Amino acid sequence: MIQFTNASHKFKNGTVGLANIDLEIDAGEFLYIVGESGAGKSTLTKLLIRELKATSGTIRVDNVDLAKISKRKLPYYRRKIGFVFQNFRLLSDRSAYENVAFSCECIGLPRREVVKRTKEALNFVGLADRKNHYPRELSGGEQQRVAIARAIVNKPQIVIADEPTGNLDPNHGEEILRLFEAINANGTTVIMATHDELLVDKHPHRVITLSGGHIIRDSMNGGYYLDVPDEN
Ligand code: ADP
């Protein structure tokens, strides 16, 4: 479903964010992108949401070359994707319900559908009873759950999260990861950039390790660090 073919991104100042990436991600996969700060994780996620374009090579999603999507069609492409940020990015003057509903309103859904989808998404993240709370009245973990409800409310094919547990304590991080696993169990592809070693080790999924913009490891076995060799 997602194919990077010799894809690179060089910033205007000459810094290479990602270099010569070959990567295939199938529909329904759960993938961690790990690596130290500056390794290229955000660049990769930004390329996927077409906030950035590959400066060489190609990136295709469902066989569509992302570099060729016109400005007019970009909002339609982005409907395929739900995005979750480290710092939640909720609208502070809107309740949990309004933050989630806003995403449906933006794509012009009828009111009845907005209400239905918003309720479903808030139920899914376990926040139906907090729907009228404003972000400042919610814990960090709860705010991130609202952000996840917002990301999934339009039933995207792919959910991309950039360090979603980075601002949370380990218990809340674990809750958030379980939500992403539940989203994935429904068939959605999940791509999560993280350097949360504990979570990656505890919940094994495919791991791509970046360093200096290159993929240095692609492991189906999971685990944050190098594969443990067989004992024999
Ligand atoms: P990570 O998310 O793994 O911390 P990034 O993708 O943010 O890494 O960064 C990869 C490299 O690109 C780093 O060297 C970083 O300094 C550089 N970089 C990121 N954004 C920009 C930018 N807007 N302009 C120039 N260089 C950038």
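Model, not experiment: these values are computed from the prediction. Read the numbers this way: they start at 1 and go in the same order the structure lists the ligands and their atoms. Sequential numbering from 1 along the given sequence is applied to the chain's residues.
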Atom 6 (O) of ligand 1: of Val34, Thr43, Leu44, Asn13, the nearest heavy atom sits on Thr43

Calculate, to the nearest 0.5 Å, the distance between atoms CG and CG belonging to Leu210 and Leu23 respectively.
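That separation rounds to 9.0 Å.
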
For Ser95, does its backbone N or O pair with a side-chain atom of Asn99 as donor and acceptor, under 3.5 Å?
yes

Main chain of Pro135, side chain of Glu142: is a donor-acceptor contact present, judged purely on distance under 3.5 Å?
no

When you compare the side chains of Gln144 and His172, does any donor N or O come within less than 3.5 Å of an acceptor on the partner?
no

Shortest protein heavy-atom distance from [atom], along with the residue and atom involved:
{"atom": "atom 7 (O) of ligand 1", "answer": "Ser42 CB, 3.7 Å"}
{"atom": "atom 8 (O) of ligand 1", "answer": "Gly40 N, 3.1 Å"}
{"atom": "atom 15 (C) of ligand 1", "answer": "Thr15 CG2, 4.5 Å"}

Near [X], which atoms of ligand 1 are under 4.0 Å from a heavy atom of that residue?
{"X": "Lys41", "result": "1 (P), 2 (O), 3 (O), 4 (O), 6 (O), 8 (O)"}
{"X": "Glu36", "result": "3 (O)"}
{"X": "Ala39", "result": "1 (P), 3 (O), 8 (O)"}

Polar-atom distance check: Phe11 versus ligand 1, any N or O pair below 3.5 Å?
no

Return yes or no for this condition: an N or O of Gly38 is under 3.5 Å from an N or O of ligand 1.
yes

With the threshold set strictly below 4.0 angstrom, can you tell me whether any protein non-hydrogen atom sits that near atom 2 (O) of ligand 1?
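For atom 2 (O) of ligand 1 the answer is yes, since some protein heavy atom falls inside 4.0 Å.
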
Does the protein put a heavy atom under 4.0 Å from atom 10 (C) of ligand 1?
yes

Close approach, Ser37 and ligand 1, non-hydrogen under 4.0 angstrom:
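Flag set, Ser37 near ligand 1.
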
Between [X] and [Y], does at least one N-O distance fall below 4.0 Å, as a salt bridge requires?
{"X": "Lys80", "Y": "Asp62", "value": "yes"}
{"X": "Glu174", "Y": "Lys202", "value": "yes"}
{"X": "Arg206", "Y": "Asp218", "value": "yes"}

Restricting to non-hydrogen atoms, name the atom on Gly28 and the atom on Asn184 that form the minimum distance, rounded to 0.1 Å.
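Shortest heavy-atom contact: O-ND2, 3.1 Å.
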
